[in-house]
Number of protein chains: 2
Amino acid sequence: MGKQMTEMLKGTLEGMILAILAVRPAYGYEITARLRDEGFSDIVEGTVYAVLIRIEKRDLVDVEKVPSEKGPPRKVYSLNAQGGEYLEEFWGTWSFLAARIAQLKQHIEDTQEKGE
Amino acid sequence: MGKQMTEMLKGTLEGMILAILAVRPAYGYEITARLRDEGFSDIVEGTVYAVLIRIEKRDLVDVEKVPSEKGPPRKVYSLNAQGGEYLEEFWGTWSFLAARIAQLKQHIEDTQEKGE
DNA sequence: ACCACTAAATAGTAACACTGAATAGCGGTC
DNA sequence: GACCGCTATTCAGTGTTACTATTTAGTGGT
C-alpha cells in the first residue's frame, strides 16, 4: 500500500468490510482475497483479521465456525442488526466527507479556470 | 467529532488542508475557521496546527510570517511545487478509494432490490 | 518427511487526529 | 492598570488504526 492509501484506509477499511458482509456472510481469508481482487492488491491477511476481531468484540457481527475441506475451520462472519445500524452511520459519515472533498476539488478547478 | 469521522479524517484532513492552500495561501486560525464553517464544526485548532507543522517539515508548503493587527503574527502557508505534486497524488488515491466504496454501496443496494 | 495452499492469530511499530493546556499579542472596559 | 475577550500558535500525552513479520494449524500431494 502506498502511504497515503494506508492512512486513508483508517476509518474506511472497517466500513468496507462491513459493507462486504452486508451483501453476504464471509470469512477472513475470503474477504482478503476479494479486497485484493478489487484493487487493494497488497492488503495483508493480518490487517483484515485485526478488523474482524475488532468488530466481533464490538458485537457488530455474528460468528460461526464452519469446517473447511481445504484447511483449518473458517470463521464465517455475518452482519447483525447492530452492525447494520453502524454501517448506516458509516454511509452517512462517508457521504458527508465525500461531498466536502468533492466541493474542495471543484473549488480548485474553478479557481484555476478563471483565476477566481 | 464523531468517532467515525475522526478515524476517517486520518489521511484526508491533510489532503483537505493542502486543497485549501491550493486555492490561496492561508494561516492556521483561518483554516480552522473555514473548516468549521464548512461543517466540521468541532475541529479544534490543535489538530490543524499539527497538520501544518507536519506538511512544513515535509517541505510541501512555503511559510511566511505576517504581522496581524489583531494578535500575534500569522504564519501564512502556501502550497509549493512539491506540495502540488503531493496533492495530485492525493486526488488519485482518493478517487480510487471513493470509486471502490461507491461500488460496494451499489452492490449492497442491488442485492437488497432483487435478492442477488 | 516435505512442501504448497488454505486459514487464523498475535506482538510490536508508525502514523494520525484528538484532548487539554499553555503562551503570546492586541483592544477595550471598569 | 488589572481584567477579559478575541486572535494566533505550540506542545505533551492519549487512543485508535493499519502495517510488518512471524507463528500456529489443517489438508492434500510428492
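FYI, side chains are in, hydrogens and waters are out, and symmetry mates aren't considered; it's all heavy atoms of this structure. Quick note on labels: first sequence line is chain A, next is B, and so on, each numbered from 1.
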According to a hydrophobic-cluster definition based on side-chain heavy atoms being under 4.5 Å apart (Ile, Leu, Val, Met, Phe, Trp, Tyr only), do B:Ile53 and B:Val44 belong together?
no

Transitively linked via ILVMFWY side-chain contacts under 4.5 Å: A:Val48 with A:Met1?
yes

Salt bridge (Lys or Arg N to Asp or Glu O under 4.0 Å) contacts in which one or both residues fall within residues 40-51 of chain A, not counting sequence neighbours
A:Arg36-A:Glu45

Between [N] and [X], is there an OP1 or OP2 to side-chain N/O distance shorter than 4.0 Å?
| X | N | result |
| --- | --- | --- |
| B:Lys75 | D:dT10 | yes |
| B:Tyr29 | D:dT9 | no |
| A:Thr6 | D:dC19 | yes |

Hunt down any stem DNA chain D takes part in, defined as 3 or more consecutive Watson-Crick or G-U pairs whose two distances are each under 3.5 Å.
C:1-30 with D:1-30

For A:Lys75, all residues meeting salt bridge (charged side-chain N to carboxylate O under 4.0 Å, His left out), sequence neighbours excluded
A:Glu56

Applying salt bridge (charged side-chain N to carboxylate O under 4.0 Å, His left out), can you list everything that pairs with B:Glu89, at least two apart in sequence or on another chain?
none

Where chain B begins and ends its contact with DNA chain C, read 5' to 3' at 4.0 Å from heavy atoms
C:dC16 to C:dC26

Would you list the protein and nucleotides 26-28 of chain D atom pairs, both N or O, that sit under 3.5 Å from each other?
unit_1	atom_1	unit_2	atom_2	d
D:dG26	N2	A:Lys70	O	3.0

Does [X] reach the side chain of [Y], with side-chain heavy atoms less than 4.5 Å apart?
| X | Y | result |
| --- | --- | --- |
| B:Glu14 | B:Arg58 | yes |
| A:Leu52 | A:Ile31 | yes |
| B:Tyr77 | B:Glu64 | no |
| A:Phe90 | A:Leu18 | no |

Side-chain atoms of residues 94-102 of chain A: list all donor-acceptor pairs with protein atoms under 3.5 Å, sequence neighbours left out, distances to 0.1 Å.
unit_1	atom_1	unit_2	atom_2	d
A:Ser95	OG	A:Trp91	O	2.7
A:Arg100	NE	B:Glu38	O	2.8
A:Arg100	NH1	A:Gln103	OE1	3.1

Which residues in residues 7-18 of chain A have a heavy atom closer than 4.0 Å to any atom of DNA chain D?
A:Leu9, A:Lys10, A:Gly11, A:Leu13, A:Glu14

Within residues 91-105 of chain A, those residues having any heavy atom closer than 4.0 Å to DNA chain D are none

Residues in side-chain hydrogen bond (donor to acceptor under 3.5 Å, both in side chains) with B:Lys10, at least two apart?
B:Glu7

Tell me every residue that passes side chain to side chain contact (heavy atoms under 4.5 Å, CB included) with A:Tyr27, counting only those two or more places apart in sequence or in another chain.
A:Tyr29, A:Glu30, A:Arg74, A:Val76

Residues of residues 34-61 of chain A with a heavy atom under 4.0 Å from any atom of DNA chain C, listed by number, are A:Gly46, A:Tyr49

